[in-house]
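A short write-up of the structure that comes next.
Nothing here was measured: the structure is a model prediction, and the numbers come from that model.
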Amino acid sequence: MLSKNIKKTAEVSKVFLNRILKDTKQKGALVVALSGDLGAGKTAFTQTFGKHLGIKNKMSSPTFVLIKKYPIKLKDYKYFFHLDAYRLKNEKELLHLGWDEIIKDKEHIVFIEWPENVAKAIPRGAKRVKVTTNKEGHRKFKY
């Protein structure tokens with residue numbers, strides 16, 4: 001799906017939300033791995049997704065704090081986690097953040113940016129979103 005602005009990105013994230021909520025076969029948390037170049041729109045996508053979950057707080061990138069947790073009121077889910085693995089060297093560093101506990105809980109939705117940096121820790125059933133930009137600066141979301 002192509003997005004030319006943040007309003008369209010919000011529409012794309014709403015379609016994605018509706019799609020993944022229909023697939024409730026995961027054992028633990030609903031994990032979404034977001035890949036794309038720096039500045040491609042991973043955080044913007046996550047922010048619009050969070051708004052659809054009812055998060056009112058400003059959602060900034062967790063690049064420096066690595067992980068952010070937001071309470072949500074959605075059927076079957078209590079928390080939304082936003083992680084950024086850009087500065088992580090390997091999966092072990094992710095484990096120190098409580099990754100195993102986070103992904104075991106079915107009441108969690110987890111978005112992780114830069115999953116390729118911690119590929120071995122990403123659960124098999126994780127949903128994947130690839131974000132690219134074209135020469136006009138529009139974002140393309142593939143999931």
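Linking ILVMFWY side-chain heavy atoms closer than 4.5 Å, directly or via other members, places Leu21 and Val32 in a single hydrophobic cluster. Hydrophobic clustering (ILVMFWY, side-chain heavy atoms < 4.5 Å, transitive): Leu95 and Val110 are in one cluster.
When the shell of 6.0 Å around CG of Asn18 is examined, it contains more than 12 heavy atoms from other residues, nucleotides or ligands. Other residues, nucleotides and ligands contribute only 12 or fewer heavy atoms inside 6.0 Å of the NZ atom of Lys140.
One finds the CD atom of Glu107 at 11.5 Å from the NZ atom of Lys75 (value rounded to the nearest 0.5 Å). Taken to the nearest 0.5 Å, the CG atom of Leu74 stands 11.0 Å off from the CZ atom of Phe80. Between atom CG of residue Leu17 and atom CG of residue Leu30 there is a gap of 9.0 Å, rounded to the nearest 0.5 Å. With rounding to the nearest 0.5 Å, the separation of CZ in Phe45 from OG1 in Thr9 is 8.5 Å. Within the model, atoms CD1 of Ile112 and CD1 of Ile67 stand 8.5 Å from one another, a figure rounded to the nearest 0.5 Å. Once rounded to the nearest 0.5 Å, the distance linking NE2 of His108 with CD1 of Ile72 reads 9.0 Å.
The cationic atom of Lys69 (NZ for Lys, CZ for Arg) does not lie both less than 6.0 Å from the six-membered ring centre of Phe81 and within 45° of the ring axis. Figure legend: cation-pi geometry between Lys42 and Trp114, with NZ or CZ positioned under 6.0 Å from the six-membered ring centre and within 45° of its axis.
Side-chain contact between Leu34 and Thr46: present, with at least one pair of heavy atoms (C-beta onward) separated by less than 4.5 Å. Two residues are said to be in side-chain contact when any heavy atoms from C-beta on lie closer than 4.5 Å; Leu83 and Trp99 meet this criterion. Looking at heavy atoms from C-beta onward, Leu97 lies in side-chain contact with Leu94 at the 4.5 angstrom threshold.
Across all their heavy atoms, Arg87 and Glu93 have their closest contact at O-OE1, 4.0 Å. Nearest heavy-atom pair, Lys58 versus Tyr70, reported as atom, atom and distance to 0.1 Å: O-OH, 4.2 Å. Among all heavy-atom pairs drawn from Ala44 and Ile6, the shortest one is CB-CD1, 3.8 Å. The shortest heavy-atom contact between Val118 and Glu91 is C-OE2, 3.2 Å. For the pair Met1 and Tyr143, the tightest heavy-atom approach, listed with the atom from each and the gap, is SD-OH, 3.0 Å. Between Pro71 and Ile55, the shortest heavy-atom distance links the atoms O-CG1, 4.3 Å.
For the side chain to side chain donor-acceptor pair (under 3.5 Å) criterion with Ser35, the lone passing option out of Lys142, Arg128, Glu116, Lys130 is Glu116.
Side-chain atoms of Glu113 and His82 form a donor-acceptor pair, as typed in the model, at a separation below 3.5 Å.
In terms of the salt bridge (Lys or Arg N to Asp or Glu O under 4.0 Å) criterion, Lys4 has no residue partners (sequence neighbours excluded). The side chain to side chain donor-acceptor pair (under 3.5 Å) search around Thr48 returns Ser13, not counting sequence neighbours.
For the pair His52 (side chain) and Ala10 (backbone), a donor-acceptor distance under 3.5 Å is present. Listed for the Asn117 side chain is a donor-acceptor partner under 3.5 Å among the backbone atoms of Tyr86. Between the side chain of Gln47 and the backbone N or O of Met59 there is at least one donor-acceptor pair closer than 3.5 Å. For Arg139 (side chain) and Ala40 (main-chain N/O), a donor-acceptor pair under 3.5 Å exists by modelled atom type.
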Item to complete: Decide yes or no on side chain to side chain contact (heavy atoms under 4.5 Å, CB included) for Phe49 and Val12, but give the supporting numbers first.
Response: CA-CA 9 Å; Phe49 189 92; Val12 171; over 6 Å; no

Discussion item. Could you walk me through whether Glu11 and Lys8 satisfy the salt bridge (charged side-chain N to carboxylate O under 4.0 Å, His left out) test, starting with their C-alpha distance in whole Å, then the side-chain angles of each, then the deciding distance to 0.1 Å, before giving a yes or no?
Written reply: CA-CA 5 Å; Glu11 291 173 18; Lys8 181 63 177 173; 3.6 Å; yes

Practice prompt. Kindly indicate, with the supporting measurements, whether the criterion side chain to side chain contact (heavy atoms under 4.5 Å, CB included) is fulfilled by Thr132 and Asp37.
Written response: CA-CA 7 Å; Thr132 55; Asp37 291 337; over 6 Å; no

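Note on ring orientation: taking the six-membered ring where Trp is involved, the planes of Phe111 and Phe16 are perpendicular (angle over 60°, cut-offs 30° and 60°).
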